[in-house]
Amino acid sequence: MKIGIAADHGGFELKESLHTFLTGLGYEVVDFGAHQLDKLDDYPDLIIPLAQAVASREVERGVAVCGSGVGAAIVANKIPGVRACLINDHFSAHQGVEDDDMNLICLGGRITGNRVAEEFVQAFLEAQFSGAERHKRRLQKVIELEKK
Ligand SMILES: O=C(CO)[C@H](O)[C@H](O)COP(=O)(O)O
């Protein structure tokens, strides 16, 4: 599975750590930056290219990190086809995929420790959309809204 990752300065260290973790698990990782720590980064500059790559399916899923994960989630969800969420618990990391077909996970580099973040990301990547009729029906309503 090809995974895209991106972070601003608030998420840089966690993104670097997750890059190593994901490579170790055998995932192909596409790093959309930042490629060095720059305290003047603007998170949309890093997260939009990642979100576009998720929407176009250049990468199958995305991991976006900023200081809190909030800005990353806000901007990623502006890209049609992206279903991003800030994740701070293990249950939502997999249930967000199983029920809602979440395709981009957002994390707070100033909130979540590296080891816990690894567990969230692994749960996210190993989860699959259930395909249950009720979830498909709800997802379709989200897709219809996006078209308006
Ligand atoms: O979390 C974020 C957005 O949601 C940013 O990483 C955070 O706002 C950056 O703050 P600063 O420029 O003060 O380092």
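When a ligand or atom number is given, it counts from 1 through the structure's own listing order. Excluded from the calculations below are hydrogen atoms, water molecules and symmetry mates; all remaining heavy atoms, backbone and side chain alike, are included.
The protein heavy atom nearest to atom 7 (C) of ligand 1 is Arg110 NH1, 3.9 Å. Annotation: atom 5 (C) of ligand 1 to nearest protein heavy atom, Asp8 OD2, 3.3 Å. Counting protein heavy atoms only, atom 11 (P) of ligand 1 is closest to His9 NE2, 3.5 Å.
Looking only at atom types and distance, the side chain of Asp38 has no donor-acceptor partner in the side chain of His9 under 3.5 Å away.
If you number the atoms of ligand 1 from 1 as listed, the ones under 4.0 Å from a heavy atom of Tyr43 come out as 3 (C).
A donor-acceptor pair under 3.5 Å is formed between the side chain of Asp8 and the backbone N or O of Gly11.
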Open item on the list: One pair to check against side-chain hydrogen bond (donor to acceptor under 3.5 Å, both in side chains): Glu118 and Gln122. What are the steps and the verdict?
Closed with: CA-CA 6 Å; Glu118 287 172 6; Gln122 191 164 3; over 6 Å; no
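Residue Gly71 has at least one nitrogen or oxygen atom sitting less than 3.5 Å from a nitrogen or oxygen atom of ligand 1, judged on distance alone.
Within the 4.5 Å cutoff, the side chain of Val97 has no heavy atoms near those of the Ile105 side chain.
Summarising the contacts of atom 2 (C) of ligand 1 with Ala7, Gly67, Gly11, the nearest heavy atom is found in Gly67.
Going from atom NZ of Lys15 over to atom CD1 of Ile5 covers 5.0 Å, rounded to the nearest 0.5 Å.
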